[in-house]
Amino acid sequence: MRNPKVETVRGVNDVLTETYQIQQQIQNQLSSCFESFGYRPIDVPVIEYTELFLRKSGEELISRMYDFTYHNRRLCLRPELTASVARAYVNNGALQGEPLPVRLFYCGPAFRYEKPQRGRYRQFTQMGIEAIGAGGTMADGEIIALACQSLDRLGLQDYELVMGNIAVLNQFLAAKPLENRLRNFLLANMEKLRNDGRQDLEKGLEEIYPTFSAEESGSTARLKWLFKDLDPQEAHLTILELLESMNVNLVGMRQPEEIAHRLLAKIEREDQQSLIEDTLAFMEELAQLKGKPEEVLPAAEQLLKSYEIDSKPLEQLKEILTLLESYRLDSSKIILDLGMSRGIQYYTGTIFEIHHDTLGQERQLCGGGRYDDLVRTVGGNNDMSASGFSFGIERIRLAMESEGILPSINGDGVHALIIPVSEAEWGYSIKVAEKLRHSGWQVEMDVRGKNVTSNLKYAVKRDIPYVMVVGERERLAGTVVVKNMATREQQELSLDALSPSPQPLSQGGEGLCRRSG
RNA sequence: GCGAGCGUAGCCAAGAGGUUAAGGCAGCGGAUUGUGGUUCCGCCAUUCGCGGGUUCGAUUCCCGUCGCCCGCCCCA
C-alpha cells in the first residue's frame with residue numbers, strides 16, 4: 001500500500017526556484033522605484049483581528065476572507081495590506097512622531113477565499129505604497145505616476161491606466177437619506193449595473209431588500225404626507241393615538257404597537273424605493289462616462305451640473321492629468337471612468353486601476369486611490385488624508401511573460417564543483433571549498449562519493465563552469481586540478497594560486513590564476 | 001456563486017471490458033572506481049485520483065466524491 005500524496009491546499013502554490021528568482025527580481029526593481037520617491041519599507045503581520053477589515057473594507061471583501069476564531073479571538077488572514085499599514089501607523093508612536101507625509105511601501109502575501117484560476121490565487125503577493133498625511137492632487141499625481149513608472153521600469157508596455165473619483169457618487173449618495181446597507185450595495189454593484197443592466201441589479205436588490213407588491217403601494221401616499229415632518233417617535237405616538245381615538249375593536253388583531261411599527265416601516269420602505277430609483281438612474285448615467293479624458297470631461301461636467309453636484313472631483317482629475325503630463329506619462333494609456341467604484345470601500349476620492357491587455361479577465365495589475373477616512377476608522381485620533389496603491393506581483397509576472405520581457409536568471413549559478421576522489425580527501429576538499437567560498441565563489445561539493453565520470457556528467461547537466469578534482473596527489477602537493485568545462489582544458493594549481501573571485505568563463509582557465517605581473 | 005473540460009510513473013503519453021499496463025523524456029546503477037555531453041546495458045506503475053456499483057472479469061461502462069484546469073462574475 002502506497003502512501004497517498006499530501007496535496008497543496010487549493011488555490012495556493014509552491015513557488016519553485018525560477019519563478020521565485022523572477023519574482024524576487026521584480027520586487028527588487030519595484031523597491032528601488034519606490035525608494036527613488038522616498039518611500040521606505042515596512043512589514044506588517046499576516047494575521048490580524050478580523051475587526052480591522054470589518055470596519056471599512058466592504059461586504060464583498062469580507063465575505064471572501066479567511067476568517068476564524070481561535071482561542072476565543074476572531075482572527076483573519078489579511079485580504080490586503082492597506083488597512084494593516086494604516087493600523088500600524090496608528091499603533092506605533094515611532095511612526096506617528098514622524099513629520100508628514102509618511103511614505104511607506106510593503107510587500108507580502110494576502111489571502112482571499114476565491115475560486116482559483118490563472119492569475120488568481122487564494123494566496124497572492126501584494127506590493128504597494130501608502131502615503132499617509134498627504135492630501136491633494138500633487139500627492140495623487142505622485143502616486144499614480146509612481147505606479148506607472150514602476151511598470152515602465154519593468155519594461156511593460158501594454159497597460160492602461162483607468163482613473164475615476166468615487167467622490168462623485170459619494171456626494172450624490174450623501175444627499176440621499178439611503179440606508180447604509182443599501183448605499184453599500186449600490187456602491188459595490190456599480191460594475192454590475194454597467195455590465196448587466198438595471199434589471200439584474202434590481203433583482204439582486206430585492207433579495208436584500210424586499211419591495212412591496214403593487215397593490216400595497218400607493219395606499220400610503222396620504223399617510224406619508226401626513227408623517228413626513230414628524231420624527232419616527234412622534235409618528236409612532238401619533239398612530240397609536242389615532243388608533244385609540246378611533247376606538248377600533250382590535251380583538252384578534254395585531255396589537256396597536258405592532259400596527260404602528262409596520263405602518264411606519266412600510267412608509268419608510270416606499271421612500272427608499274423612490275430613492276433607489278433616482279440613484280439607479282444617476283448611476284446609469286455615470287456609468288456611461290468612460291473613455292478618453294477629452295471626451296469624458298465635458299460630458300461629466302454637464303451631468304454634475306444637471307444634478308447640482310460639486311464639480312471639484314472633476315477639477316481634481318484635470319489637475320492630475322496635467323501633473324501626469326509633467327511626469328511624461330504616455331497620455332494614450334489614460335482612460336477616465338467616472339463610474340468606477342472599487343471593491344474596497346474605504347476610498348474617498350481619486351481612485352485608479354491599471355489593466356494589462358493580455359491577461360484576459362485577470363487583467364488588473366494594480367489598484368489604488370485616496371482613502372482620507374481610513375486612518376481615523378482604524379483608531380487614529382486625527383483626520384489623516386492618505387492614498388496608495390497595490391500591485392499584484394504574480395499578475396505582473398504573467399504580464400511580463402506575455403510581453404516576453406521576463407528577466408533572465410542565468411549567470412547566477414554555482415561556479416565550481418569539487419570532486420574528492422576518495423574518502424581520504426574529504427578533509428582537504430572541504431578546506432579547498434571553504435577557501436573558495438570565503439573568496440566569493442559559489443561552490444558545490446560532491447557529497448555522494450560518485451566517481452569522476454558521474455561528477456563530470458553532473459557538472460554538464462548543472463551547467464557548472466569549473467570542476468576541481470582532488471585526489472591523493474593533489475592533497476599531498478597542496479594543489480587542485482582545475483578543469484574548465486567549456487574548453488576542456490585543465491591545469492594543476494596550488495591552493496594559493498586560486499583566484500580570489502570567480503572569473504567569467506570567457507577568460508578561460510587563465511582567469512583562475514591570480515595575476516602575478 | 002454559475003457553466004464546461006480533464007485525472008494512467010517526476011514529466012509527456014498509448015491502451016477502450018479479458019491479465020506481464022506500450023513508448024519517449026527525466027532519474028538511478030553499470031560498461032568506465034582519476035576525466036564530460038555520444039553510445040550500449042540494466043532498474044524505475046502488484047496498478048490507471050479515491051469510494052461504491054454493473055460484470056465470470058473493470059484502467060476501460062455507471063454513480064458518487066476529491067483534485068486540477070478553462071470560461072463567467074468579482075478582484076491584486
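Naming: A, B, ... by sequence-line order, numbering from 1 per chain.
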What interatomic distance, in whole Å, is found between [atom1] of [M] and the corresponding atom of [N]?
N      : M      : atom1 : answer
G10(B) : G71(B) : P     : 28 Å
G7(B)  : C48(B) : P     : 15 Å
U59(B) : A16(B) : P     : 15 Å
A13(B) : A21(B) : P     : 22 Å
G49(B) : C11(B) : P     : 13 Å
C25(B) : U38(B) : P     : 11 Å
C28(B) : C44(B) : C1'   : 8 Å
G37(B) : G30(B) : P     : 15 Å

Taking [atom1] from [X] and [atom2] from [N], how many angstroms apart are they, rounded to a whole number?
X       : N      : atom1 : atom2 : value
Q126(A) : C75(B) : CD    : P     : 14 Å
E160(A) : A76(B) : CD    : P     : 16 Å
L365(A) : A76(B) : CG    : P     : 12 Å
K450(A) : G27(B) : NZ    : P     : 10 Å
Q491(A) : U35(B) : CD    : C1'   : 16 Å
L398(A) : C75(B) : CG    : C1'   : 15 Å
I129(A) : A76(B) : CD1   : C1'   : 15 Å
I419(A) : U33(B) : CD1   : C1'   : 13 Å

With a non-hydrogen cut-off below 4.0 angstrom, is [X] in contact with a base, only sugar-phosphate, or nothing?
X       : result
Q123(A) : nothing
R122(A) : nothing
E474(A) : base
V467(A) : nothing
K461(A) : sugar-phosphate
E114(A) : base
Q490(A) : base

- Describe, in one word, how the ring planes of F282(A) and F172(A) are oriented to each other, choosing from parallel (under 30°), tilted (30 to 60°) and perpendicular (over 60°). parallel

- Message: Wobble G-U and Watson-Crick pairs count when both distances are under 3.5 Å; given that, what is the 5' to 3' dot-bracket string of RNA chain B, with | for pairing to other strands?
- Response: (((.((((.[[[..)..(....]]].(((((.......))))).....[[[[[..)....]]]]]))).)))....

I'd like to know if the side chain of [X] and the backbone of [Y] have a donor-acceptor N/O pair within less than 3.5 Å.
X       : Y       : value
R370(A) : S385(A) : no
R395(A) : Q364(A) : yes
D372(A) : A386(A) : yes
R122(A) : P116(A) : no

- Item | Residue whose nearest RNA chain B nucleotide is more 5′ - E472(A) or G367(A) | E472(A)

- The answer to which of V469(A) and Y121(A) contacts RNA chain B further toward the 5' end, by nearest nucleotide, is V469(A)

Provide a list of protein-nucleic acid N or O atom pairs under 3.5 angstrom, restricted to nucleotides 36-38 of chain B.
unit_1 : atom_1 : unit_2  : atom_2 : d
G36(B) : N7     : K483(A) : NZ     : 3.4
G36(B) : N7     : R488(A) : NH1    : 3.4
G36(B) : N1     : M485(A) : O      : 2.6
G36(B) : N2     : M485(A) : O      : 3.1
G37(B) : N7     : R488(A) : NH2    : 2.5

Atom pair [atom1] ([X]) and [atom2] ([Y]), whose distance is rounded to the nearest 0.5 Å:
X       : Y       : atom1 : atom2 : result
L52(A)  : R74(A)  : CG    : CZ    : 12.0 Å
Q316(A) : L323(A) : CD    : CG    : 11.5 Å
L104(A) : R40(A)  : CG    : CZ    : 6.5 Å
T350(A) : L317(A) : OG1   : CG    : 5.5 Å

- Given C73(B), C69(B), G34(B), the nucleotide with the shortest approach to the side chain of R64(A):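 Comparing C73(B), C69(B), G34(B) against the side chain of R64(A), the answer is C73(B).
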
- Of the nucleotides G34(B), G29(B), C2(B), which one has an atom closest to the side chain of K115(A)?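 Within the option list, the nearest is C2(B).
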
- Query: What about R363(A): does its side chain form a donor-acceptor pair under 3.5 Å with the base of C75(B)?
  - Reply: no

- Message: Please confirm whether the ring centroid of F68(A) lies under 6.0 Å from the ring centroid of Y66(A).
- Response: no

- With respect to the phosphate group of C68(B), does any side-chain polar atom (N or O) of R10(A) fall under 4.0 Å of OP1 or OP2? yes

- Think Q117(A) has a side-chain N or O under 4.0 angstrom from the OP1 or OP2 of C69(B)?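 For C69(B), OP1/OP2 do not have a side-chain N/O of Q117(A) under 4.0 Å.
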
- Query: Can you name the closest pair of heavy atoms from I464(A) and L417(A) and give their distance?
  - Reply: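 In this case the closest contact between I464(A) and L417(A) is CG2-N, 3.7 Å.
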
- Just wondering, do F124(A) and A76(B) stack (centres under 5.5 Å, planes under 30°)?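 Stacked: ring centres under 5.5 Å, planes under 30°.
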
- Message: Check this for me: does any side-chain nitrogen of one of R64(A) and E114(A) sit under 4.0 Å from a carboxylate oxygen of the other?
- Response: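 A salt bridge is present here (some side-chain N lies under 4.0 Å from a carboxylate O).
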
